[in-house]
Amino acid sequence: MPQFCEVALPVPLNQLFTYSIPDSLSLKPGMRVIVPFGSRQLVGVVVRCGDMSAAIEITAIKPIQEVLDEEPALSGEMLRLGQWIADYYVVPQGEALSALLPPRSPVRRSTRVVLTTTGQHALQGNLQAEEREFLQRLAKRRGIRRESLRAVWPLAEKLRKRGWTTYEHTVKASAARPFKSGPWENTSFKPSGPHELTPQQQKAFHSIRQQMETHQFGVFLLHGVTGSGKTEVYLRAIDLALKRNQSALMLVPEINLTPAMAALFASRFGERVAILHSSLSDTEREAQWRRVREGFSDVVIGTRSAVFAPLNRLALVIVDEEHDASYKQEEAPRYHGRDVAIVRARDAGATVVLGSATPAMESRYNAERGKYHLLEIEQRIRERPLAETAVVDMRVEFAETGRQSFLSRKLEAEIARRLEQREQSLILLNRRGYSAFVLCRSCGQAIQCKNCSIALTHHRRLARLLCHYCGYARPVPRVCPQCASEHIYFMGEGSERIEDALHRLFPQARIGRLDRDTARGQRQAEAILAAFQNHELDILVGTQMIAKGHDIHRVTLVGVITADIGLARPDFRSAERTFQLLTQVSGRAGRGEFLGEVVIQTYYPDHYAIRAAAAQDYDLFYQQELRFRQLMRYPPFTVLANVLVRSPSAETALRLAGRLGRHLETQQKLGIKLLGPAAAAILRLKKDYRYQFLLKASRRNLLREVLLSCREFAQRERFPAASLVIDVDPQTLL
Ligand code: ADP
Ligand code: ZN
Ligand code: ZN
């Protein structure tokens, strides 16, 4: 009886594919295989094996060509997790599994040109000199790699067409590389501790330990103010897991930006820790992955995709800064790292700790409803007070001074005082570049990206206008590209311009800048942070990158240039994001022995996000925001999906949206609210025109049914493969 298996392939089709297993191959679920697919060969993952001959038409079935793993690349646990992702996020299983696989392709492919039997015969007969020479070269060796034949390509092709040579495709498993430790080991970050736990830390740790002792799944929300020592609680819990010969996983938003955290973990757990950060090469990632799988590392700390690290005997999963938007993957499969972490822990019977000073609305609501256990730390370490906050109303500032300036008198004076006292300041402006946009006063147009309906940002040092969405760059024009007028103006400020302005105001100060322009890679970010940590800089200007978990004791002033930037975004989370950012950046001040101070400049001092952040009052924000969410039927009161239709042709995008819209109307039911089609907030992005539908549902099952029917409709109606994007629990609606 022939044996068959079902294989998940990375194609946008919602199905598994059946192949037969040749006798010579031994196969288990979770192994990667090469299979024929149309005219191509694809690498897929075996999901099920067995005798399925009753259910299928045997004649049409092709055999597996090659098995790429000796041991399954994905365990049964991981295959189940992949299935969950496919179901929950409504993505084909092959796409879901591709996110779980180890980073580097398991194979090296090569194509060699080899002599055929006809070719060997031809060598005996009459030949031109160059033909003979070529065939002899092939005969001497086991063929020649196709790439190395570029110089004699026409000849090689001629002989191949005669049937004298042919291609031989080989696929080899690529060898594992030895482990190389990370760059964090060479930095100047001196890890502190271990510390004796404070009573509040002790209380939190005690609850976590009790849960771990049950070996049952349970989720804690550790809501601790900035500087309350959450990390030390994590470290204790991890230690406990290791002592019992179990393993632990910790997710962090951007480990590049918190080299101190990486150094701390390396110092506490040494070789046992694997650090998976986004600037590792695929080869380095693969090496870490193997160390974890083979049990050399039993603590993993890493960003979003580390949630798939192949740890065994998982006892503890920590998600630090659980509210952070970077946990959502913004390409297929569009999963949320925190939520996948919880599902993985549930399957493993592990304990979860979600930590934050500003928990996501959904998480705090889950705690309120008893789904999570709430642990609170209301005090900073050594009872250090939170920073004092002053809010400066920039409308009043303008009225009183009569000049439009980036810096209020208050913030300028406070910076000057810090310079005198040899203390440090952090200045936040959450926008890159020099000028936000370039406006023509004659035709009234802002200069736009050629791929996106977005105004370009002026980067002065690069002497370029850049698109922050697709990366398009162009020189700075002297005249308007639309109407050739000379009256073009550079409007709105970015971090680069603030840095310049500060240099002019405080020529003696040592000023650095941290944003995606100055810190393109891991090392640059680290160097800037290290310089600031070592007090080689007095002032650090930057975007939200400066707000992340840094624990620098000489920072006594945090200034926020324009607190309102994020509030204007067409997104129901804009207030929440603004509150989180302001609270987090405020939390960077006063972590040492001196009191911290925060100055927030705003045009909307009465906005509740700004008022609550200034008061560092999470509950005030939470209660107010919860009322807004309830009134507008947004999460956590509903579940949301964004269904987007896109095409490089405006007309096609509109037409597909129309068809999908008519289909969605037939799917209307109680408990589902459909908004759209509407032009997406960014109508054109990376050359695609985009229309969207927002679906709000009272229950997740209802939402899933509608989304599945959308996907089936698009497949049945032969929508182009990439034209439909389904985003479940979207984090941004742009
Ligand atoms: P959070 O992540 O809650 O903002 P951190 O974990 O960064 O806070 O801790 C803040 C500071 O307090 C760090 O410098 C840390 O080394 C220190 N710290 C943590 N726990 C203790 C403790 N029990 N005793 C003394 N210092 C501590
Ligand atoms: Zn113009
Ligand atoms: Zn663009």
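First listed ligand is number 1; within each ligand, the first listed atom is number 1. All values reported here derive from a predicted model rather than from experimental measurement.
- Residues Arg497 and Ser435 form a side-chain contact, since some pair of their non-hydrogen atoms from C-beta on lies under 4.5 Å apart.
- Among all non-hydrogen protein atoms, the one lying nearest atom 9 (O) of ligand 1 is Gly229 CA, 3.5 Å.
- Of the N or O atoms in His195, one or more lie within a sub-3.5 Å distance of an N or O in ligand 1.
- Counting heavy atoms from C-beta outward, Val225 and Ile377 have side chains that stay 4.5 Å or more apart.
- Contact between Arg380 and ligand 1 is absent, with no heavy atom of the residue lying under 4.0 Å from the ligand.
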Asp517 and Arg461: CA distance, side-chain angles, deciding distance, side-chain contact (heavy atoms from CB on, under 4.5 Å) verdict:
CA-CA 10 Å; Asp517 298 303; Arg461 242 155 275 183; over 6 Å; no

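- Looking at Val299 and Met250, their side chains never come closer than 4.5 Å, going by heavy atoms from C-beta outward.
- Classified by interplanar angle (parallel below 30°, tilted 30° to 60°, perpendicular above 60°), the ring pair Phe220/His373 is tilted.
- In the vicinity of Glu196, heavy-atom distances shorter than 4.0 Å reach the ligand 1 atoms 22 (C), 23 (N), 24 (N).
- Close contacts between ligand 1 and His553 involve ligand atoms 14 (O) [criterion: under 4.0 Å to a heavy atom].
- The side chain of Ile381, and not its backbone, has at least one atom closer than 4.0 Å to an atom of ligand 1 (non-hydrogen atoms only; side chain from C-beta on).
- Looking only at protein heavy atoms, the nearest one to atom 20 (N) of ligand 1 is Gln201 NE2, 3.0 Å.
- Ring pair His336/Tyr327 is tilted by interplanar angle, where 30° to 60° counts as tilted.
- Closest to atom 4 (O) of ligand 1, if we only count protein heavy atoms, is Gly227 N, 2.6 Å.
- Val225 counts as a contact of ligand 1, since one of its heavy atoms falls under 4.0 Å from the ligand.
- The distance from the Zn ion (ligand 3) to the nearest N/O/S atom of Cys470 is under 2.8 Å.
- The shortest heavy-atom distance from Ser228 to ligand 1 is under 4.0 Å.
- At a threshold of 4.5 Å between non-hydrogen side-chain atoms, the residues Glu651 and Tyr689 do not count as touching.
- Contact annotation: Cys480 places an N, O or S atom under 2.8 Å from the Zn ion (ligand 2).
- At a heavy-atom cutoff of 4.0 Å, ligand 1 is contacted by the side chain of Asp551 but not by its backbone.
- Angle subtended at the Zn ion (ligand 3) by Cys449 SG and Cys452 SG: 110°, rounded to 10 degrees.
- Taking every heavy atom of Thr226 and a limit of under 4.0 angstrom, the matching atoms of ligand 1 come to 4 (O).
- Applying the 4.0 Å criterion to heavy atoms of Thr231 picks out, from ligand 1, the atoms 2 (O), 5 (P), 6 (O).
- Between the side chain of Gln524 and the backbone N or O of Arg520, at least one donor-acceptor pair lies under 3.5 Å.
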Go through it in stages, so that I can follow the logic: the residues are His487 and Ser442, the test is side-chain hydrogen bond (donor to acceptor under 3.5 Å, both in side chains), and I'd like the CA-CA distance, side-chain angles, deciding distance and then a yes or no.
CA-CA 6 Å; His487 299 282; Ser442 300; 5.2 Å; no

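- Using a cutoff of 4.0 Å between basic side-chain nitrogens and carboxylate oxygens, Lys371 and Glu362 are not scored as salt-bridged.
- Using a 4.0 Å cut-off to heavy atoms of Thr198, the atoms of ligand 1 that qualify are 23 (N).
- Remark: minimum distance from atom 3 (O) of ligand 1 to any protein heavy atom is reached at Lys230 NZ, 2.9 Å.
- By the 6.0 Å and 45° rule, Arg441 stacks over the aromatic ring of Tyr489.
- Outside the 6.0 Å centre-distance limit, the rings of His223 and His323 are not counted as a close aromatic pair.
- Here the heavy atom of the protein found nearest to atom 7 (O) of ligand 1 is Arg591 NH2, 3.1 Å.
- When SG of Cys440 and SG of Cys483 are joined through the Zn ion (ligand 2), the resulting angle is 110° to the nearest 10°.
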